[in-house]
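Basis for what follows: all heavy atoms, side chains included, without hydrogens, waters or symmetry-related copies. Numbering of residues begins at 1 and proceeds along the displayed sequence.
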Amino acid sequence: MNRSTVHYPWFKREDMDGFFALFQNNLADFVIIAVSMLGMGFPKEIVFGKVIPGAAIAVVVGNLYYAYTANRLAKKEGRSDVTALAYGISTPVMFVFLFGVLLPAKTIVGDPDLAWKIAVGACFVSGMIEILVSFIGRWIHKHIPRAAMLGALAGIALSFIAGEMLFKTLEIPVVGLVVLAIVIVGIIGKIAMPFNIPASLFAIIIGTIIAYSMGQSSFAQISEGLGDLGFYPFIPTLAAFDGTVQLFTTMTAVLAVVIPITIYNAVETMNNVEAVSTLGDKYDVKECMAVDGVGTVLGTFFGGAFPTTVYMASVGSKWMGAGRGYSILNGVVYVFAAMFGLIAAISSIIPVAAIAPIMVFVGISMIATAFQSNQVKYFMAVSIAMLPYFANYIMTRFNNNAGEVVDGISSAIVPLGQGAMFSGIILGAITVYVIDHNFKGAAMFSIVGFLFSFLGIMHAPKLAFNAAPAFEIGYLLMAVYFIYYAYKGVRVLSEPKVEDPIIEEKSG
C-alpha cells in the first residue's frame, strides 16, 4: 500500500464495539470513585465538582493523544488497521489511591477539603514520577522482583479493598450477599447471566432493585440522583501544589504509598504497550509512559486525584479491529458525562451494598494475580510482602490514637504501617533474592531498607535524618548477614518434590 495515499478512517463500525468495551470499564471506575468517596464522607461539591471533572480531563487528553499516535503510526507504516491504545484511570492504582491515600488522609486530618488536596498532590507527584520513570522504566522493571511489587499491592487489595468492601457488603446482608452470589457465579464461575448482560452490570441492577424494594434504599435517592443532573464546569485549581506541600511535611506516610504504586503503574503501561506490539502495533514505550504521566498531571490542575494508564484492554480493542474512533469517542463522552452530572446521578441512585461486592472481587483478583503471575517458589515472597498492610490498616483506622490503642497488641504495628508499601516491597525482594540464592541482591535491598528508615520514608511518622534508629540497625545487620553468605557460599538443603506435600499430616 502506498504510504502517502493510505486512508485511515476517523471512525469505522468496529470502533463502536471498542467504544462500548472501554466505556463500560471507565464508567465502572468513575462510579466506584464517586460511591467510595461519598461513603468516606467527601461532599458532592468535591466529588462531582472537582474530582470527576479532573479525571475526565485526564481521560480526554490521553485518548485524543493516543488517537493522534495511531494516525501517525498508520501514516508511517502505510496501514489502515492500526488500533489506538486504550486509556483511562488505572483500576488497581485507583483502589490504592482510594483506600491508601484518600481514606487515610481523610481519617488523619479530618477535613475533606484538605484530604482532597493531599490526594490531588499525591496524583500530581505520581504523574511527575511517571514522566521521570519513562527514562528508567526498563531498569526498574529488571531489578525490582515482580513478586515483591505485586505482593505489596496484594496487601492493599486484601486489607483496604477486599476486606473493607466485604464489611460494606455485609452492612446490608439482604442486598450484599445476593450481589456477592451473582459476582461469584457470573465473574468467578464465568456463567452467563440472563440476556447475556455483563455479570457486573447484572449484579448492580439486581442489588439496586432489592435495595429499593425492601426499603434498604429510599426512593428519595432516585429523585436526589436526578437532581444531581446539571452543569459541572471544569474549573482550574492549584490544589495540587497545596497537597504536595502537605505530602512532604505532615503526610509523608501517604507519599510512601505513591512512589512504589507509580512505579507499578509505569511498569504495567510498559507491559500493556509491549503486549499490543506483539499484535503488530509498535508504539514507543517511553513516549506512552510519559503521556500517561502528562495526562495525570493535567487532570490534577482541574481537581483530578487518580493516575491514568494504558489499559490491557488495548489488546481486546485490537482483536475487535477498532481504529482510532473508539478512543476519540470515549474521551468526548466522558467530558460530557462529567460536565452534565450523569455520573453524579448514577452514583446517587446505586446503593453502596450493590457495588461493594464487585470491589471485593477486584480485591481478591488482585491477590490472585500476585500469585498467578509468579512461580510457585516465590509464593512466600508474595505473602511476606503483603503483611505490612495489615499494620497500615489498623494504624489508619485508629487515626492519631493508633499508638496508644494498639500498643497493648504490639508496639510494632504503627512503625510497620508507616511506609508499608516500601517495607512490603523490600521484604518481598529480599525473600525473592534469598530464594534464588542471590545474597548480594538481598544485601542490596537490606541497605535500601536502612536508607529509607534513616530518611524516615518508612518506619517513621515524617521525613527526618536518623528517623528510625532501631530499624536502621536491624536492616544493616541483615545486610551483613547476607553479605556473609554471598562470599562464604551456601549448602542448599534438599527441596521437596513438586508432587510431595510440603507439610505432612501427623498420624495419631
Can you see which heavy atom on Phe42 is nearest to which on Pro112, and at what distance?
CE2-O, 3.3 Å
Could you tell me which non-hydrogen atom of Val360 sits nearest to which non-hydrogen atom of Ala162, and how far apart they are?
CG2-O, 3.8 Å
Nearest heavy-atom pair of Leu150 and Asn374: which atoms, and what distance?
CD1-ND2, 4.2 Å
I'd like to check Thr308 versus Tyr87 (side-chain heavy atoms, cut-off strictly below 4.5 Å). Are they in contact?
yes
Residue pair Ile57 / Phe234, side-chain heavy-atom distance below 4.5 Å
yes
Spatial distance of atom OH (Tyr68) from atom CD1 (Ile328) [nearest 0.5 Å]
13.5 Å
Check: Trp116 side chain, Asp111 main-chain N or O, donor-acceptor pair, under 3.5 Å:
no
Would you say Ser373's side chain and Ala370's backbone share a donor-acceptor pair under 3.5 angstrom?
no
Which atom of Thr169 lies closest to which atom of Pro357, heavy atoms considered
OG1-N, 3.4 Å
Just by modelled atom types, is the Met458 backbone N or O under 3.5 Å from a matching donor or acceptor in the Gln418 side chain?
no
Should Asp113 and Lys50 count as side-chain neighbours, where that means a heavy-atom distance under 4.5 Å?
yes
Distance, nearest 0.5 Å, that separates CD of Glu130 from SG of Cys288:
10.5 Å
Test ring-ring contact (aromatic ring centres under 6.0 Å, His included) applied to His459 and Phe454, step by step:
CA-CA 9 Å; His459 306 315; Phe454 179 81; over 10 Å; no
State, to 0.1 Å, how close Met40 and Lys106 come at their nearest heavy-atom pair, and which atoms those are.
O-NZ, 3.3 Å
If you take the centroid of each ring, where Trp contributes its six-membered ring, are Tyr393 and Phe99 closer together than 6.0 Å?
no
Are any of the side-chain heavy atoms of Ile118 and Leu247 separated by less than 4.5 Å?
yes
Should the heavy atoms of other residues, nucleotides or ligands under 6.0 Å from CZ of Phe465 be counted, would the total exceed 12?
no
Could you state the interatomic distance from CD1 (Ile384) to CE (Met386), rounded to the nearest 0.5 Å?
12.0 Å
Please answer whether the main-chain N or O of Tyr433 pairs with a side-chain N or O of Asn438 as donor and acceptor at a distance below 3.5 Å.
no
Taken to the nearest 0.5 Å, the spacing of Lys117 NZ from Leu238 CG works out to 9.5 Å
Backbone N/O of Ala420 and side chain of Ser423: donor-acceptor pair under 3.5 Å
yes
Please answer whether the main-chain N or O of Ala86 pairs with a side-chain N or O of Tyr326 as donor and acceptor at a distance below 3.5 Å.
yes
Are Phe452 and Phe471 an aromatic pair, judged by ring center distance below 6.0 Å?
no
Ser126 and Thr262: side chain donor to acceptor below 3.5 Å:
yes
Has the side chain of Asp292 got a donor or acceptor atom that lies under 3.5 Å from a matching backbone atom of Ala266?
no
Report yes or no: does Ser327 contribute a side-chain atom to a donor-acceptor pair with the main-chain N or O of Asn63 at less than 3.5 Å?
yes
So CZ of Phe361 and CE of Met165: to nearest 0.5 Å the spacing works out to 16.0 Å
State, yes or no, whether a side-chain contact exists between Ser159 and Asn392 at a heavy-atom distance under 4.5 Å.
no
Considering non-hydrogen atoms only, spot the tightest contact between Gly424 and Ala152 and give its length.
C-CB, 4.3 Å
Rounded at 0.5 Å granularity, tell me how far CZ in Phe390 sits from CG in Leu387.
6.5 Å
Check whether the ring centres of Phe340 and Tyr232 lie less than 6.0 Å apart, and answer yes or no.
no
